**Q** 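Have a look at this one before I ask anything.
Just so it is clear, the structure is predicted and the values come from calculations on it, not from any experiment. For ligands, and for the atoms within them, numbers begin at 1 and follow the listed sequence. Positions are given from 1 along the sequence. Atom set for the values below is all heavy atoms of this structure, side chains included, hydrogens, waters and symmetry mates excluded.
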Amino acid sequence: MNLTVQEFIEEYKTQFQTMFAYSYEEGTTEQHYTALGIFIKNYLSRHWKETRESYIKEGAKQVYYFSMEFLPGRQLRNNAYNLGILDIIKEGLTELDLSFDSIAEAEADPALGNGGLGRLASCFMDSLASLSIPGNGNGIRYQYGLFRQKFVDGYQVEVPENWLRNRNVWETRNNKSTCLVRFGGNVWLEPNDKGYYEAKYENTLNVLAVPYDTPMVGYRNNKVNNLRLWSAEIPVEEEANYHTLDEIQPISEITQVLYPDDSNYEGQLLRLKQEYFMVSAGVQSIIRHFRKYNVPRKNIPDKIAIHINDTHPALAIPELMRILMDEEHLTWDQAWEITQKTCSYTNHTILREALEKWPIDMMKELLPRIYMIIEEINRRFVDYHLPLYGERITWQTAILQNGVVNMAHLAVIGSHSVNGVAKLHTDILMSDVLKDFFEIYPERFNNKTNGITQRRWVHLANPELTALIDEKIGEEWKRNPAELKVFKGFEQDEETLKQVAEIKLNNKKRLADYIEEVKGIQVNPRALFDVQIKRLHAYKRQHLNALHILHRYLEIKRNPDKEVVPRVFIFGAKAAPSYVYAKQIIKVINSIADLVNNDPDIGDKLKVVFFENYGVSLAEKIIPAADIGEQISLASMEASGTSNMKLMANGALTMATLDGANIEIKDFVGEDNIFIFGLTDKEVYELKANQSYQSKELYETNEQLRRVLDALKDGTIPGLNGEGSAIFDSLVHYNDEYFVLKDFESYVDAQNRADALYAKPMEWTRKSLLNIASSAPFSADYTIKRYADDIWKVKQYFTGDEGVQPLDEPLA
Ligand SMILES: *Cc1c(COP(=O)(O)O)cnc(C)c1O
């Protein structure tokens with residue numbers, strides 16, 4: 001069913017008129033967005049239905065990716081592209097005198113995640129569908145996404161993000177598949193005459209879980225998978241018991257807001273409610289769906305894989321146990337074997353404060369049956385391991401410790417696979433964070449380096465570059481990313497290098513226009529665009545970047561006549577609302593921006609731009625224009641990073657510590673084509689172990705560093721209210737937890753090497769091309785293929801010669 005431009009035009013006009021009872025010529029941009037979205041959704045609905053039916057018919061094993069966060073970004077362009085109708089729609093709209101680009105901008109960007117973890121989940125959804133793998137997302141339909149960030153006098157201010165204000169055209173409310181989730185009350189087990197114990201409940205809070213299904217469209221393969229997001233409502237039969245808004249609150253609040261903490265979740269009752277709500281509804285609907293397969297329950301692991309994205313959905317383990325025992329009446333041993341074979345877990349962090357723990361008392365009260373099951377899992381684990389491994393290892397790996405439920409331990413014990421998200425990260429899990437578990441279950445541990453979807457981050461975000469690659473090496477790389485390496489063959493071709501440089505400049509001009517439009521700052525598109533975009537966190541070290549900017553500023557002031565390579569420093573970052581230090585860093589960078597951008601001595605030599613409200617849509621604008629991607633976390637702290645991959649794929653050179661996936665990027669692109677600096681993870685571990693680091697000594701002995709640090713608090717930077725001093729104190733007086741001062745010199749040195757290279761445009765562009773051509777291994781298609789083969793044991797369901805093809809292993 002190939003759509004023609006004329007057919008599109010006719011159908012679209014009718015569609016618009018049917019929806020709004022006006023002619024399309026009178027429509028607003030929002031109305032056009034809604035009409036176009038509905039048009040596309042109607043267009044894909046047949047594939048959506050057929051994909052679901054074919055999986056059942058084939059008895060396909062399905063993956064359910066459980067994640068508290070998804071960060072899908074806008075979907076209009078992506079869906080039209082993957083369906084292969086983007087160009088037709090664009091052409092049709094142009095004939096109707098409408099602009100596709102402005103219509104696409106009218107879509108709300110659903111911020112149902114904080115950062116990398118949620119974005120990874122969405123890249124995975126795209127790859128699952130594109131690889132024709134039966135894979136579904138399971139999450140929460142938060143009514144309010146992550147807060148909208150505004151700057152007032154340089155301070156972050158949080159505003160509610162009501163992303164559902166206008167109609168969400170992609171979702172389908174599915175009243176047929178609701179389920180009931182129970183909280184609190186009393187639970188006891190009663191023996192019955194059928195030979196099993198029956199779980200009896202009283203005084204529970206019953207919540208109706210309503211699924212909203214969103215299509216996840218595969219790349220030109222007619223496959224449409226499902227992302228199921230749950231919303232909490234009052235059960236219909238209990239409506240009469242509720243009278244006031246206050247009474248409804250305990251239910252409606254469950255899916256109201258996304259927790260805005262990127263890494264450390266405050267131990268809050270509501271958060272635990274959210275986790276169980278999502279998990280219980282998800283597992284119930286999976287088991288219900290499983291019945292359609294008509295196979296014995298012991299075959300559940302042959303038909304279902306449940307993946308736990310970080311520990312937030314780890315209650316899927318006891319919830320599956322509960323359903324198998326209490327509702328399916330299996331024995332403990334039968335249920336446990338099925339559960340372990342079905343579940344797998346990805347760890348995303350080594351930050352101690354981010355390892356999830358819940359007070360036992362809270363868990364007991366909110367989820368009494370689930371707690372009983374966790375207690376029994378723990379008892380059996382301890383009984384079994386104590387004689388084999390002794391006291392120390394057994395108690396350190398137990399789920400219940402000092403009054404808390406350790407969720408990572410629950411996740412490891414209840415899963416058949418535990419993976420980290422980059423080689424270094426997995427090594428650290430095995431040698432440090434989960435070391436004792438590695439001793440007990442070495443076979444469970446494996447690495448799956450993160451990936452990104454090139455479709456969103458290159459094909460769509462950078463159409464000119466994509467067209468150039470198509471022209472040089474053909475289009476095969478879009479279906480088989482490994483082909484991208486053929487582009488390396490052009491590294492000495494001057495013509496191609498000129499084209500790559502010109503495309504980068506065009507992208508930078510577009511971003512420069514946007515900077516002028518939203519920030520009122522004029523930047524020179526020929527300056528080096530230096531980009532750091534990610535959540536604001538001390539371990540990511542945006543303040544190291546800030547110190548370098550200050551250093552440059554002071555140098556220019558001291559040597560006004562010296563020629564410098566002009567730079568534009570670009571930031572995008574939200575700080576958790578309760579994270580005071582991160583917010584102070586935002587304020588300091590904004591104040592440095594005021595200082596630098598308004599100093600007539602500085603001119604084009606230095607500009608600082610801090611965008612408000614960083615998110616997927618902004619990332620799509622910034623990344624194609626980046627010359628340098630800043631990946632400067634303290635070695636060992638960043639599990640993987642994925643903005644590093646997006647940036648390199650768009651030709652940015654990486655400024656990096658040897659952390660997370662930066663190490664693998666270096667290995668693929670070659671050490672001459674990346675700027676590496678700073679401590680290694682081993683050096684960091686050593687400095688921590690022998691406590692030999694004294695940041696104050698560096699302050700006292702390094703004159704260059706002292707000048708920069710003093711500028712934080714001596715009035716050089718205008719408009720501060722102690723924020724500069726707070727950062728100064730943390731770095732100098734509180735011994736610099738993240739070794740910012742320790743890495744400063746080596747960072748400045750690497751930045752100077754970058755300047756020298758940028759002064760030789762052909763050399764720079766050659767390295768840029770090599771980055772683009774080396775980025776294929778970081779395609780999420782490969783990552784997902786490895787999850788599918790090694791962890792989930794699910795197949796690709798091709799119906800012909802379409803979509804992303806079975807892939808050669810590019811990492812070999
Ligand atoms: C890719 C991405 C991230 C992750 O960035 P890191 O640098 O890996 O932390 C966060 N937020 C958004 C919007 C992204 O697109």
**Q** Taking the six-membered ring for Trp, is the centroid-to-centroid distance between His537 and Tyr579 below 6.0 Å?
**A**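 Centroid distance His537-Tyr579: below 6.0 Å, so yes.
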**Q** Which N or O atoms of ligand 1 sit under 3.5 Å from a protein N or O, and how far apart is each pair?
**A**
unit_1	atom_1	unit_2	atom_2	d
ligand 1	7 (O)	Lys534	NZ	2.6
ligand 1	7 (O)	Ser643	OG	2.5
ligand 1	8 (O)	Thr642	N	2.7
ligand 1	8 (O)	Ser643	N	3.2
ligand 1	9 (O)	Lys540	NZ	2.7
ligand 1	15 (O)	Lys646	NZ	2.6

**Q** Please determine whether side-chain hydrogen bond (donor to acceptor under 3.5 Å, both in side chains) holds for the pair Tyr345 and Asn347, giving the CA-CA distance in whole Å, both sets of side-chain angles, and the decisive distance to 0.1 Å.
**A** CA-CA 7 Å; Tyr345 156 59; Asn347 173 289; 3.2 Å; yes
**Q** Under a 3.5 Å cutoff, is there a donor and acceptor pairing between the side chains of Ser636 and Tyr685?
**A**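 The answer is no; no qualifying pair exists.
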**Q** Would you say the rings of His307 and Tyr787 are close, in the sense that their centroids are separated by under 6.0 Å?
**A**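 Yes, they do, as the ring centres are separated by less than 6.0 Å.
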**Q** Can the ring centroids of Phe529 and Phe569 be said to lie less than 6.0 angstrom from one another?
**A**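 No: the rings miss the under 6.0 Å criterion.
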**Q** What distance do Leu536 atom CG and Ile586 atom CD1 have between them, rounded to the nearest 0.5 Å?
**A**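 One finds 4.5 Å between CG of Leu536 and CD1 of Ile586.
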